[in-house]
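Atoms within a ligand are numbered from 1 in the order they appear, just like the ligands themselves. These figures come from a predicted structure and were not determined experimentally.
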Amino acid sequence: MDVTGLRIDNIGSSDKSQPGERIKLKSKIIDWRTAPPDLASLQEIKDIFRSGGNIVFPTETVFGLGANALSDNACSKVFLTKKRPGDNPLIVHVSSFEMVERIAELDQELKEKLTMVWPGPLTVILKNIGVSKIATSGLDTVGIRMPLHRQARKMIEFAGIPIAAPSANMASRPSITRNSDALREFNGKVDAIILGDEPEFGLESTVIDPYSSPAKILRSGSYTAQELEPVFGKLELYSGNQEHPTTPGMKYRHYSPVKPLYLVENILEFKKVVSRSEDNVVPICSEEVGESLDRYFISLGSQYDLRSVARNLFAAFNAFDQSNYDSAFIHGFQEEGLGITIMNRIRKASSEL
Ligand code: AMP
Ligand code: MG
């Protein structure tokens, strides 16, 4: 057992497939937690991608489930493995502008703007000219992002192909931000899992449509509007048409633990509800709130450091699912800056009280 609590020798299959599903007994585990990417493993990853395989890998936002974005077959497998609805397109990850220009239309003005925010947790919707129609769910646009995560970028650069990768979680479940969760959820379901630097942001990329006027945020994410506006001008938060969403992913229930999670926005109210609750209920809260509760709690980090709350949120949901508790309460955070994305994810993850 090492410091992260992970054993990577002797990993058995965690496959829980239903009859008729594709069954893989074991995934290749590539461990970049303590050493930088080496040539042999980079070559192995390239071969897997080039032969149509799927790989789980860390990024600065959440873990991704990647495939060759140029291949219909490889992208289809991603949808199958995740049980993702076919009309929810995949984000395509690139390592250079040269790679963007091979797959999408990009004008000089937008390219200059993107150099100010890429690499980073921003996805832009462009006209598709090169990636699989399976990846884009048949749309004529493609969502593209250049990750900040060094290991992810190195992997894409070495493979030499754009990598389509949605978040590595089963559809509707919380995203994954810890090596241990990636291993538990995907060992046996994909060709390889890369263990590496865990996501420093912890929430998905911000998705924008840069060509609408004004430019629109289709999904709030790790980059806040305040951080993007100096580059893209005033951004409008698209609140969505659930029947005909511009970002198809908006219409699905998302990020939810298997067990019920209830949001009590007001902190005083939250404390009252928790104090009246049974022992099988766990509070998920900031460190400051937790310290005043006098019972076990799952910590989201300091309330005054929303970056730490973002980094811990999905790990907390996954820890709750793995625990013996039957339900959980979570409190609200101020909806400003990163708090907007945090509250968006909490609302989508929680059940009606
Ligand atoms: P995920 O990969 O699970 O983080 O989700 C990707 C998000 O990007 C979903 O909300 C998708 O609907 C959105 N997305 C991906 N490609 C497009 C596109 N071409 N147009 C609009 N939204 C997109
Ligand atoms: Mg997702």
Is [X] atom [atom1] crowded by more than 12 heavy atoms from other residues, nucleotides or ligands, each under 6.0 Å away?
X    : atom1 : result
Q322 : CD    : yes
N280 : CG    : yes
K46  : NZ    : yes
Q334 : CD    : no
D107 : CG    : yes

With a cut-off of 4.0 Å, which atoms of ligand 1 are near a heavy atom of [X]?
X    : answer
I91  : 6 (C), 8 (O)
P166 : 2 (O)
I125 : 17 (C), 18 (C), 20 (N), 21 (C), 22 (N), 23 (C)
N88  : 9 (C), 11 (C), 12 (O)

side-chain contact (heavy atoms from CB on, under 4.5 Å) assessment of R150 paired with W32
CA-CA 11 Å; R150 280 168 177 273; W32 288 346; over 6 Å; no

Out of R219, K82, E204, H93, whose heavy atom sits nearest atom 5 (O) of ligand 1?
R219

Within 45 degrees of the axis of the six-membered ring of F320 and under 6.0 Å from its centre: does K259 put its NZ or CZ there?
yes

Listing residue and atom name, which protein N/O/S atoms are closer to the Mg ion (ligand 2) than 2.8 Å?
S167 OG

Determine whether the side chain, the backbone, both or neither of [X] has a heavy atom under 4.0 Å from any heavy atom of ligand 1.
X    : value
R84  : side chain
L139 : side chain
D209 : neither

Answer yes or no for T136: is there a heavy-atom contact with ligand 1 below 4.0 Å?
no

Please name all residues satisfying ring pair (Phe, Tyr, Trp, His ring centres under 6.0 Å) with H93, sequence neighbours left out, ordered by chain then number.
none

Quick one: which residue pairs count as a ring-ring contact (aromatic ring centres under 6.0 Å, His included) with a foot in residues 134-153, not counting sequence neighbours?
none

Does T141 reach ligand 1 with a nitrogen or oxygen that is under 3.5 Å from one of the ligand's nitrogen or oxygen atoms?
yes

Would you find a donor on one side and an acceptor on the other, under 3.5 Å apart, between the side chain of R178 and the backbone of N318?
no

Output all residues satisfying salt bridge (Lys or Arg N to Asp or Glu O under 4.0 Å) with E352, sequence neighbours left out; order by chain, then residue number.
none

